[in-house]
4 protein chains.
Amino acid sequence: MAQLTNQPTSQVLQPRARERRERILDAALAVFTRRGYREATMDEVAEAAATSKGGVYFHFPGKEALFLALLERSAALLLQRTQLALERTPDPAGKLDAALDVVLRLFASHRDLARLFLVEALAAGPAIQEALLAIRRRFAALIASELARAREDGLIGPLDPQLAATACFGAIYEVVTQWLLSGSPADLAEAAPELRRLLRRLVGLPDRSLDEDGTL
Amino acid sequence: MAQLTNQPTSQVLQPRARERRERILDAALAVFTRRGYREATMDEVAEAAATSKGGVYFHFPGKEALFLALLERSAALLLQRTQLALERTPDPAGKLDAALDVVLRLFASHRDLARLFLVEALAAGPAIQEALLAIRRRFAALIASELARAREDGLIGPLDPQLAATACFGAIYEVVTQWLLSGSPADLAEAAPELRRLLRRLVGLPDRSLDEDGTL
Amino acid sequence: MAQLTNQPTSQVLQPRARERRERILDAALAVFTRRGYREATMDEVAEAAATSKGGVYFHFPGKEALFLALLERSAALLLQRTQLALERTPDPAGKLDAALDVVLRLFASHRDLARLFLVEALAAGPAIQEALLAIRRRFAALIASELARAREDGLIGPLDPQLAATACFGAIYEVVTQWLLSGSPADLAEAAPELRRLLRRLVGLPDRSLDEDGTL
Amino acid sequence: MAQLTNQPTSQVLQPRARERRERILDAALAVFTRRGYREATMDEVAEAAATSKGGVYFHFPGKEALFLALLERSAALLLQRTQLALERTPDPAGKLDAALDVVLRLFASHRDLARLFLVEALAAGPAIQEALLAIRRRFAALIASELARAREDGLIGPLDPQLAATACFGAIYEVVTQWLLSGSPADLAEAAPELRRLLRRLVGLPDRSLDEDGTL
DNA sequence: TATGAATGAGAATTCATTCAT
DNA sequence: TATGAATGAATTCTCATTCAT
């Protein structure tokens, strides 16, 4: 469960190499975001990473693997933060809000990462699709398990946790995508309170009457 | 019934040519769904349309334009059917259900088409992304206007119709995408009743106590 | 000698057709001048002539033939005017000046025609090269014969009339070409008096001490 | 001897690559002369250079750039030789003859090259035309500066050095072109003595009474 | 005569990947 | 480890020409 940042070889990398590997990933994120998976070229990645094409190929066996590594790295970040937020929120009824906050905050501050996840990855080829889907499912499962628990606790009425989680994820996904691609709302945080209310209703949680921390 | 087959050129085509143009679009749909936007080649399209490469280029100035034409044609179909369903449903409270039914039914029966437009299209270049986004927004606007009316009629409580419509669309979109990519649920129709309930709650409609036609 | 404007068929053309044929030639001149022989397309010619591609092909068997016809038409004009000027100039010593005047005046007022002749035609394929060369030789022969006569009359010293005529033509050619392509001198006429002096010297004519008509 | 093989890229090439770059240029010269600019294909160049198409594109960004590089390389050779000949001829009155000799000799011994740059290049597109024109002007400027000095030295009478140089260049150009295209005179050297006489007269130099080395 | 439509042989160019230093 | 050079299959698009109405 911990092995999220994949190493290309099982050998231990020198610190220098590890550093370069990270630099390449950073560069790849920038390039894939700017140009899209298909349009991005390994040349561009190499140049952005201030290395050579051969150098990129030393660290990653190919373009697809590079994208995949990027995806994993980013997914780990998102999942970790979400999990942490869920753990830190004792109130069962507030967990959904907490997760939403984490996601919106992360995407709002890493627009490029959002683009990569929500837009590019879907159509970058079967292998990547597979990986992306797994990540999405892992994320939805996180929500689903909280929903299941909430239901057991009698906090919410009967529902299909999987489907509800998927629907929640989709609602967030679309709001973020519209923000990404059409720039509306200008600030993603604006949409947070209303979206929170909608999602609470969707899963059957009562509206929070007193919203003490309306900030995102 | 009117504006379904869009004519990108303002010139009047001879009947023969009009026929061939449609044949090319049909062939293109088949090829794009089978191979994906990027993998599909104009050669394949030409062959599938039983015409020459030049013939395709006579009717469409390029690959992107061809895809766009296809996108518009299909989007028009989806939007038109949805609009029709909304008009045919007198009960304001049932309109959302009706729209959902149309979309799920259409996608369920045209899985390839759904895959093409929900998944492939995202990575087909900025112009197509732009067009796709516009279509999504048009669709969300359809829902939003119904929500706005429902609110005026006092059927639902106060909400941001735009955001709620976007969230609804996203929820549907994600359920369909999961079905497309992971094959679960096996039958999209299975998810319909529960999804309907979730969306009704999301927008603030009361659950239908007596659901006489629970089938999709 | 009179058959300069070639008719594609030996049949007599209707006035309408003759008119359209001219319109196509005019359009072709414009297009070839603007785009160059290779870059120009038959579509462009057809559009410029406000007719269809098929229409162009009715009047001319192909692109090369079209260019050739244009070349012949223009050459006829140039040669006719030059010949006329030579005949109208009784003074043997003034004939060279007269020819120079005609050429510079014609090119200055038909820049596109000059471009066609001096720049495009050379590299438009063997058949056209052949034709162009014949025209150039015809023109040089005109000068050469005058030089030969001048020599017989003792007006100028011994020289190779062919070579001298070629050199004269080349000198003019280059001056016009530089004007065409680099725009210097701004007005071709500016160069006329000095060029006249140079050419007179080249062939061995004495400088005209009193230049009564220095205007081009 | 210095700036002969121009490096379009500022990067330092490995010796192997430098070698191959030259090989590609040589191959390109052969192909372009044999087939003409437009008819020549990059495939042919690659094959003639015993490399791959990609290899050619690694060194030159495109067909036009390849031709341009070739043009510059050859022009540098011509200009360098001419300049050298001018420097080596102490007698101011003999400089024009020396330049003429160099040019005629070079073209006579490299007919294909002459054809390529005097005839083909004209129709190779605006960028190449521009470059070609610049070269012509550089060459004419060489002559012009000599003419200006000769005039200062009182060797020749008043004239416009620019125009005279252009005219000289044009005369030579035309004689060479006629030789190239019509094959007359059979040997370009035949025309040298008479052409020399004509040009001397054109610029106002006295005929050399005793021509000790009338051979080209 | 004229037209719009169709053809199809080719072209230039791209780029993921490999490899010799 | 890293690099620059090289590869070559694959792809989009062009356009002179032909042809059915």
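What you see below is based on every heavy atom in this structure, not just the backbone, and it leaves out hydrogens, waters and symmetry mates. Labels below follow one simple rule: chain letters A, B, ... track the order of the sequence lines, proteins then strands, and each chain is numbered from 1.
Between the side chains of D:T51 and D:R23, no donor N or O sits under 3.5 Å from an acceptor N or O.
Using a 4.0 Å cut-off between a side-chain N of Lys or Arg and a carboxylate O of Asp or Glu, B:D26 and B:R21 do not qualify as a salt bridge.
When the C1' atom of F:dT17 is taken as reference, atom CZ of C:F60 falls 16 Å away, rounded to whole Å. Note: CG (A:D43) to C1' (F:dA5) measures 11 Å, nearest angstrom. Here the P atom of nucleotide E:dA5 and the CD atom of B:E19 are 13 Å apart, to the nearest Å. One can place OH of D:Y57 at 12 Å from P of E:dA11, the figure rounded to the nearest angstrom. Atom CG of B:L66 is separated from atom P of F:dT11 by 16 Å (rounded to the nearest Å). Across the protein-nucleic acid pair, D:F58 atom CZ and E:dC19 atom P stand 17 Å apart, rounded to whole Å. F:dT11 atom C1' lies 12 Å from atom OH of B:Y37, rounded to whole Å. At whole-Å resolution of the value, CZ in A:R38 and C1' in E:dA16 are 12 Å apart.
Along DNA chain F, the nucleotide nearest to C:A40 and the one nearest to D:R20 differ in position, and the one closer to the 5' end is contacted by D:R20. Each of D:G62 and A:G62 was matched to the nucleotide of DNA chain E holding its nearest heavy atom; the match closer to the 5' end belongs to D:G62. The residue among C:T41 and D:R16 whose nearest nucleotide of DNA chain F lies closer to the 5′ end is D:R16. Nearest-nucleotide positions on DNA chain E for D:E39 and B:G54 put B:G54 closer to the 5' end.
Counting non-hydrogen atoms of neighbouring residues, nucleotides and ligands closer than 6.0 angstrom, the CZ atom of B:R35 exceeds 12 such neighbours.
For DNA chain F, each stem of at least three Watson-Crick or G-U pairs (distances under 3.5 Å) is given as range with range: E:2-21 with F:2-21.
At least one side-chain heavy atom of D:K63 sits less than 4.5 Å from a side-chain heavy atom of D:Y37. By the 4.5 Å heavy-atom criterion applied to side chains, B:L181 and A:Q129 are counted as neighbours. When side chains are defined from C-beta on, D:L66 counts as touching D:I24, because their heavy atoms get closer than 4.5 Å. Side-chain contact between B:F60 and B:M42: absent, with no pair of heavy atoms (C-beta onward) separated by less than 4.5 Å. With contacts defined as side-chain heavy-atom distances shorter than 4.5 Å, the pair A:F67/A:L116 qualifies.
Using a 4.0 Å cut-off, no side-chain N or O of D:K53 falls inside it from OP1 or OP2 of F:dG8. Note on B:S52: every side-chain N or O is 4.0 Å or more away from OP1 and OP2 of E:dG8. An OP1 or OP2 oxygen of E:dT1 is reached within less than 4.0 angstrom by no side-chain nitrogen or oxygen of C:H59. Side-chain nitrogen and oxygen atoms of D:T51 include at least one within less than 4.0 Å of the OP1 or OP2 phosphate oxygen of F:dT7.
Among E:dA12, F:dT1, F:dT12, the nucleotide with an atom closest to any side-chain atom of B:M42 is F:dT12. Of the candidates E:dA6, E:dA16, F:dC13, E:dA16 carries the atom nearest the A:K63 side chain, counting heavy atoms from C-beta on.
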